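By convention here, the first residue in the shown sequence is residue 1. Note: hydrogens, waters and symmetry copies are ignored here, and every other heavy atom, side chains too, is used. A quick note: this is a predicted structure, and the numbers were derived from the prediction, not measured.
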Amino acid sequence: MMEKWLEWSKRIQSIAQAGIAFSKDVYDIERFEELRKISLEIMAEHTEVEMEKLTELFANETGYQTPKVDVRAVIFQDNKILMVRENYDQHWALPGGFCDIGISPSENVVKEVKEESGYEVVSKRILALLDSYKHPHPPQAYHYYKIFILCEIIGGKADIGVETNDIGFFAKDELPPLSQNRNTETQMDLLFQFLEDPLKETIFD
């Protein structure tokens, strides 16, 4: 599903990052830094992201590169699912975001829901753990594992956050324009299967 140029660029970036971290020879490090620069040039050539921004994205990346973890809350109410509209692209997504170091996935998703929607929730169980490579997301700089966690509202009220500007519950056949980087139509279809069958087993990959 991933564009070949993006796959090659990510592989070069990963090899370069590991090489910079573990090489002892100054000349080898220079070669790996050049490889990293080439990977960024490939991304810049095929996306609308400027070189400065791409460099910034990878500036803090050190050591062996691994997938990033993204948690998303799945909250059903009256046969509808909670979504928030992102400032980033003015499209809709399940509340969530990157996992922060030091807190667990369940703690992360509770925090993200509160920050993005105003609701207080408890996490109940993992519905799906999906590899972004295996789903039709737009080309992205990183490789993501996406954890979809069933949550239950226990308090709070609808309130937009710093990164969101609207909140709503939507039926399966009335979904708004989706923020494809965050969730796709096929993933939403999959999640609504858990509404129809609460005993459905966790999905992975």
**Q** Donor-acceptor pair, Thr184 side chain versus Pro136 backbone, under 3.5 Å?
**A** no
**Q** Please enumerate all residues that pass ring pair (Phe, Tyr, Trp, His ring centres under 6.0 Å) together with Trp8, with sequence neighbours excluded.
**A** none
**Q** Taking Asn183 for its side chain and Leu94 for its backbone only, find out whether a donor-acceptor pair lies under 3.5 Å.
**A** yes
**Q** Is the backbone N or O of Tyr27 less than 3.5 Å from a side-chain atom of Asp25, with the two atoms forming a donor-acceptor pair by type?
**A** yes
**Q** Quick one: list whatever passes side-chain hydrogen bond (donor to acceptor under 3.5 Å, both in side chains) with Lys111, sequence neighbours left out.
**A** Asp100
**Q** Roughly how far, to the nearest 0.5 Å, is CD1 of Ile38 from CD1 of Ile12?
**A** 6.5 Å
**Q** So which heavy atom on Ala171 is nearest to which on Phe192, and how close?
**A** C-CZ, 4.0 Å
**Q** Is there a path of hydrophobic side-chain contacts, each under 4.5 Å between heavy atoms of I/L/V/M/F/W/Y residues, joining Ile153 to Leu150?
**A** no
**Q** Taking Ser9 for the side chain and Ser39 for the main chain, is one N or O donor matched with an acceptor at less than 3.5 Å?
**A** yes
**Q** State the OG-CD1 distance between Ser117 and Ile167, to the nearest 0.5 angstrom.
**A** 5.5 Å
**Q** Take Glu116 and Glu86, measure what side chain to side chain contact (heavy atoms under 4.5 Å, CB included) needs, and give me the verdict at the end.
**A** CA-CA 9 Å; Glu116 295 189 353; Glu86 300 279 348; 4.2 Å; yes
**Q** Evaluate the side-chain proximity of Ile203 to Leu127: yes if any heavy-atom separation is below 4.5 Å, no if none is.
**A** no
**Q** Begin from the C-alpha positions of Gln90 and Arg85 and carry the test side chain to side chain contact (heavy atoms under 4.5 Å, CB included) through to its verdict.
**A** CA-CA 6 Å; Gln90 298 301 314; Arg85 188 166 62 192; 3.9 Å; yes
**Q** Is any side-chain heavy atom of Ile15 less than 4.5 Å from a side-chain heavy atom of Phe32?
**A** yes
**Q** Output yes when a side-chain donor or acceptor of Ser14 lies under 3.5 Å from a complementary backbone atom of Arg11, and no otherwise.
**A** no
**Q** Is the centre of the Tyr133 ring less than 6.0 Å from the centre of the His135 ring?
**A** no
**Q** Verify side chain to side chain contact (heavy atoms under 4.5 Å, CB included) between Glu185 and Leu178, making sure each step is shown before the conclusion.
**A** CA-CA 8 Å; Glu185 286 83 358; Leu178 299 181; 4.0 Å; yes
**Q** Side-chain contact test, heavy atoms from C-beta onward, threshold under 4.5 Å: evaluate it for His91 versus Pro177 and give yes or no.
**A** yes
**Q** If two hydrophobic side chains count as joined below 4.5 Å and joins carry through other members, does Val121 share a cluster with Phe148?
**A** no
**Q** Check each of Asp166, Thr164, Asn165 against Asn87 using the side-chain hydrogen bond (donor to acceptor under 3.5 Å, both in side chains) test, and report the only one that passes.
**A** Asn165
**Q** For the CD1 atom of Ile149 and the NZ atom of Lys124, what is their distance to the nearest 0.5 Å?
**A** 13.0 Å
**Q** Is Lys146 reaching over with its side chain to a backbone N or O of Arg182, donor-acceptor style, under 3.5 angstrom?
**A** yes
**Q** With rounding to the nearest 0.5 Å, note down the distance linking CG in Leu35 to CZ in Arg31.
**A** 10.5 Å
**Q** So, His143 side chain and Lys68 main chain: donor-acceptor pair closer than 3.5 Å or not?
**A** no
**Q** Give, for atom OH of Tyr119 and atom CG of Asp159, the distance between the pair rounded to the nearest 0.5 Å.
**A** 10.0 Å
**Q** Would you please test Asp89 and Gln180 for side chain to side chain contact (heavy atoms under 4.5 Å, CB included) and show each step?
**A** CA-CA 10 Å; Asp89 59 6; Gln180 297 288 335; over 6 Å; no
**Q** Just by modelled atom types, is the Gly96 backbone N or O under 3.5 Å from a matching donor or acceptor in the Asp70 side chain?
**A** no
**Q** What are the two closest heavy atoms between Pro67 and Tyr145, and how far apart are they?
**A** CG-CZ, 3.7 Å
**Q** If you draw a 6.0 Å radius around CG in Asp78, do more than 12 non-hydrogen atoms from other residues or ligands fall strictly inside?
**A** no
**Q** Once you round to the nearest 0.5 Å, how far does OG of Ser179 lie from NE2 of His137?
**A** 10.0 Å
**Q** Not counting sequence neighbours, which residues clear ring pair (Phe, Tyr, Trp, His ring centres under 6.0 Å) with Phe170? List them please.
**A** Trp92
**Q** Glu196 and Lys172: which non-hydrogen atoms are nearest, and at how many Å?
**A** OE2-NZ, 3.9 Å
**Q** Shortest non-hydrogen contact from Leu190 to Leu130?
**A** CD2-CD1, 4.1 Å
**Q** Going only through I, L, V, M, F, W and Y residues with side-chain contacts under 4.5 Å, is there a path from Ile81 to Phe194?
**A** yes
**Q** Looking only at heavy atoms, which two atoms of Val113 and Ile75 are closest? And how far apart?
**A** CG1-CD1, 4.0 Å
**Q** Between Met188 and Leu195, is there a shared hydrophobic cluster once you connect ILVMFWY residues whose side-chain heavy atoms come closer than 4.5 Å?
**A** yes
**Q** Considering all heavy atoms of both residues, which atom of Asp205 and which atom of Lys134 are nearest to each other, and what is their separation?
**A** O-CD, 3.5 Å
**Q** Any chain of hydrophobic side-chain contacts (each under 4.5 Å) joining Val84 to Leu175?
**A** no
